[in-house]
Structures are given as structure tokens and as C-alpha cells.
Amino acid sequence: MYKYNIFAPKGRGHFIERLGELYLTIGRYLDQERAEGRQLRFAKIFLSDAQNQYKDLTESALFAEILTHVPTSIIEQPPLDGSKISILLKTSTEEMPFLFHSIRLSEEETRGANSYIQTMLIFNKYLEKMKELGLTLKEHCVRTWIYVADIDVNYEGMVRARNDIFRNQGLTPETHFIASTGIGGFSQTRSESVAIDFLTYPKIKESDKKYLQALDHLNPTHEYGVSFERGTRLQTTQGHTFFISGTASIDKHGKALYVGDIHHQTGRLLENISALLHDGGATMRDVQYFYVYLRDPSDRDEVEALLQKAYPDIPHVLLQGKVCRPEWLVEMECVACKNN
């Protein structure tokens, strides 16, 4: 049994004080989870200012005693509730069936390297790890998160590099791509323009995957030159897990809908997510959490109100993360689960 939850400090003191509050809150939560047979398996940490917060975070009791023992991603995408830090935790009754690689480059590696070169460097690091394990990108990688600093400038280089890597690894429109979110975000390395997280299932077979489509709502991504799946359904020992990629307000031709209208863009992208889940036999009731990325932080209250009205029981976090097209004001992704 899986369980996801999102935590943010309620206090508004110094960052270190907020880390202390989370240490106590998360510690109590994990005690309750262990009493029900679930263990912490994964953490994703969203910071408002990685340059100033990363050292304090990694030296904190929260990180050293709790988070460092599981795969963890750290990214600068400011939480829009004013908390400075939000954390998604996954707990489960089963041993971890997946591998998670959060690959970041050093200052030396990024020096003089544009977003194309940095993307190639990161993918090649991942491919080396897969080769050591006897795994492949094509069969065993099921999800990526690609964070692009200054996305309006650097997104094109990342896309070209990913296309080249995928072509070299045998991923084409005739085979499949990988569910993914490409979104604005920063790492703790000041000069890094691209950072990537990879989710890998070592025991998965191609026959365990279904690539989700909703062609009456969204077109295939390769039609506008990018290479990712809209969503992937994965058969696991516990049932089906659905990885829905970053989804925006577009129609079946890839055209942006409701330009300038955050209310209707949010409604349309939720409709698109619902259609993708339906293709795999799931509904919005199966969603475990939403990540919500807003280009303009001032849209936060309206989107929050919409989510609280439509899906009050689904954990979510609203983040400042520029979407790859300027006309997209909001993008969402989610995970859904259906047990056997």
C-alpha cells in the first residue's frame, strides 16, 4: 500500500526554525506510518532559494536523521504558500521496487556548457549508471523530471539534446518515449541550467507498460518536436501506477487554449488529465497528489480555490515554475494508483 503526503511549516520564522518544525511534524507522522506498517521510501523537497537554503537543509536534523536515508530530490521551485520549503513524502508497506537518481552537475562541469551540453552530460551519467546495473533507458526508465533554469532561454537546447539521446537509444515515435515534466527550476549549482531526476524500475518489462493517450483532447508530443509520453501506466505487484506528465491547457492539435485566462486553463488541463487517466482505466478519484506549477505567483489564490473546491482531499503543492511556453500559465502533473 502506498501513501503520499505533503508537508510545509506553518511558522514564519527563520528558515532553520522552519526546518525544526518540520523535523518534529514529519517525525511524528512517520511514527504513525510505521505503526501501520509503512516505511518512508522517497522524498521530494521544494525550496524557495536553493543558493541560501541548501546548506542549512542538508546540515539539519531533518535531513541527516530522516531524509538522507531514502532517495531524495532537492529543487528550487518556490512554494507559493509562503512556507519557504515544502516536502512530498511517499511511504509504502513494500520494499522499494524502484531506483531514483537525482543528477546534478558541479560548477566545474557547467562552466562554459550551454543547456544542450549540460543535458547531454546528465543523460550520459544516467546511462553509465544503467549500464553498470544491466538496465536500459528504453525499457527501465519510466519517468523523468527535467528542471530548466531560465526556461524561456534554455528550453530549446534541452529539447534538442533529449531528442538526440532518445534517437540514439532507440526511442522514437514508433516505439515510445518516457513520461516527463520539463519545467522551470534551479539547483544548488549556480551555473547549472539543467537538472534531471530519473525514476527507474529494474524489474519492469515493456509489456508491463501502457502509454496513455487522449487523442480527442491532446496530440502526440512529437508533432511539435518534443519527445515525451503524455502519461504511462505501470503494472506493479500492487496494481497499476499512473505517471501523468506535466499537462497544460491544450487541444487535440497542440494549440494553447484560454490564453491569459488562468481559471479556464486550470479547468482544461484537469480535463486533459482526466482523459489520460481514463485511457488507462482510472479516474481522478485515484490521484494521489498534484504538483501545480504557476508561471505567475499572483495566480496562486485562484488556482488554490479551484483545487480546494474540486479535489479537497487530494494533497497538492503550488509552486512557482515557469512552463515551457509563455502562453501556458499553469501546468500540473500527478501520480494515480489503482490496487489489485
Side-chain angles (χ1 to χ4, degrees), residues 2 4 142-146 173-183 199 208-236 239-295 299 302-318 321 323-325 327-339:
Y2 301 18
Y4 294 89
V142 300
R143 184 71 163 88
T144 63
W145 292 263
I146 305 180
E174 290 70 38
T175 60
H176 69 275
F177 295 123
I178 295 168
S180 186
T181 299
I183 196 73
L199 181 64
D208 295 323
K209 293 181 279 186
K210 173 180 170 59
Y211 301 103
L212 305 176
Q213 294 184 319
L215 296 180
D216 54 342
H217 282 74
L218 307 102
N219 65 329
T221 62
H222 68 84
E223 290 185 359
Y224 51 91
V226 294
S227 49
F228 68 92
E229 293 293 337
R230 298 290 189 188
T232 302
R233 186 189 73 187
L234 197 63
Q235 175 69 54
T236 69
H240 287 124
T241 301
F242 299 76
F243 298 100
I244 302 300
S245 299
T247 303
S249 174
I250 61 174
D251 66 13
K252 63 182 180 180
H253 305 294
K255 178 183 176 182
L257 296 177
Y258 307 113
V259 174
D261 184 340
I262 187 64
H263 184 97
H264 285 95
Q265 282 202 14
T266 304
R268 174 63 190 208
L269 76 82
L270 288 168
E271 181 182 334
N272 287 347
I273 289 174
S274 179
L276 289 167
L277 291 171
H278 178 76
D279 186 51
T283 71
M284 297 295 267
R285 291 189 298 273
D286 301 307
V287 172
Q288 303 297 300
Y289 66 84
F290 290 113
Y291 294 156
V292 186
Y293 305 104
L294 294 180
R295 188 174 183 90
D299 288 329
E302 184 158 7
V303 176
E304 176 69 22
L306 285 168
L307 286 172
Q308 289 291 354
K309 182 178 180 180
Y311 303 107
D313 298 324
I314 299 177
H316 65 269
V317 57
L318 274 73
V323 188
C324 60
R325 292 193 202 176
E327 63 267 30
W328 288 343
L329 304 178
V330 56
E331 181 170 304
M332 291 191 200
E333 63 171 84
C334 67
V335 164
C337 297
K338 290 199 74 170
N339 295 331

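On a predicted model such as this, the values are computed, not experimentally measured, just so you know.
The aromatic rings of Tyr291 and Tyr289 are tilted relative to each other, their planes meeting at an angle between 30° and 60°. Using cut-offs of 30° and 60° on the angle between ring planes, the pair Tyr311 and Phe290 is tilted.
Checked options Gln213, Lys252, Arg230; the residue passing with Asn219 is Arg230 (criterion: side-chain hydrogen bond (donor to acceptor under 3.5 Å, both in side chains)). Screening Asp299, Leu306, Val303 for a side chain to side chain contact (heavy atoms under 4.5 Å, CB included) involving His263 leaves a single residue, Leu306. Screening Leu329, Leu318, Thr181, Val330 against Tyr293 for a side chain to side chain contact (heavy atoms under 4.5 Å, CB included) leaves a single residue, Thr181.
Note that CG of Leu257 and CG of Asn272 are 8.0 Å apart. Values are rounded to the nearest 0.5 Å. Here the OG-CZ distance, from Ser249 to Arg268, works out to 6.5 Å after rounding to the nearest 0.5 Å. With rounding to the nearest 0.5 Å, the separation of CD1 in Ile244 from CD in Glu229 is 11.0 Å. From Arg233, atom CZ reaches atom CG of Asp208 across 10.0 Å, with rounding to the nearest 0.5 Å. Distance check, rounded to the nearest 0.5 Å: CZ of Arg325 to CD1 of Ile250 gives 6.5 Å. Within the model, atoms CD of Gln265 and CG of Leu294 stand 10.5 Å from one another, a figure rounded to the nearest 0.5 Å.
Between Pro220 and Leu215, the closest heavy-atom pair is CD-CD2, 3.9 Å. The two residues Ala256 and Glu327 make their nearest non-hydrogen contact at CB-CG, 3.6 Å. Nearest heavy atom pair, residue Leu277 against residue Ala336, reads CD2-CB, 3.8 Å. Here the closest non-hydrogen pair linking Gly231 and Ser245 is N-OG, 4.2 Å. Taking all atoms of both residues into account, the shortest heavy-atom contact from Ile273 to Met332 is CD1-CB, 4.0 Å.
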**Request:** May I have the step-by-step check of side chain to side chain contact (heavy atoms under 4.5 Å, CB included) for Val142 and Thr241, ending in yes or no?
**Result:** CA-CA 11 Å; Val142 300; Thr241 301; over 6 Å; no

**Prompt:** Do Leu307 and Ile314 pass the side chain to side chain contact (heavy atoms under 4.5 Å, CB included) test, and can you show the C-alpha distance, the side-chain angles, and the key distance before you say yes or no?
**Reply:** CA-CA 9 Å; Leu307 286 172; Ile314 299 177; over 6 Å; no

**Message:** With side chain to side chain contact (heavy atoms under 4.5 Å, CB included) as the criterion, how do Phe243 and Leu199 come out once you've worked through the C-alpha distance, each side chain's angles and the decisive distance to 0.1 Å?
**Reply:** CA-CA 11 Å; Phe243 298 100; Leu199 181 64; 3.5 Å; yes

**Prompt:** Given Val323 and Ile183, is the side chain to side chain contact (heavy atoms under 4.5 Å, CB included) satisfied, shown in steps?
**Reply:** CA-CA 5 Å; Val323 188; Ile183 196 73; 4.0 Å; yes

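Using a cut-off of 4.0 Å between Lys/Arg side-chain N and Asp/Glu carboxylate O, Glu333 and Arg143 are scored as salt-bridged. One finds a salt bridge joining Asp279 and Lys210 here, because a Lys/Arg side-chain nitrogen approaches an Asp/Glu carboxylate oxygen to under 4.0 Å.
Between the side chain of Thr266 and the main chain of Ile262, a donor-acceptor pair closer than 3.5 Å is present. Judged by distance alone, the side chain of Ser180 and the main-chain N or O of Thr144 form a donor-acceptor pair under 3.5 Å.
The environment of NE2 in His278 is sparse: at most 12 heavy-atom neighbours from other residues, nucleotides or ligands sit within 6.0 Å.
In this structure, Leu212 and Phe242 have side chains that are in contact, with non-hydrogen atoms separated by less than 4.5 Å. Within the 4.5 Å cutoff, no side-chain heavy atoms of Val292 are placed close to those of Val317. Side chains of Trp328 and Leu269 form no contact here, defined as non-hydrogen atoms less than 4.5 Å apart.
For Glu304 and His316, the side-chain atoms include at least one donor-acceptor pair closer than 3.5 Å.
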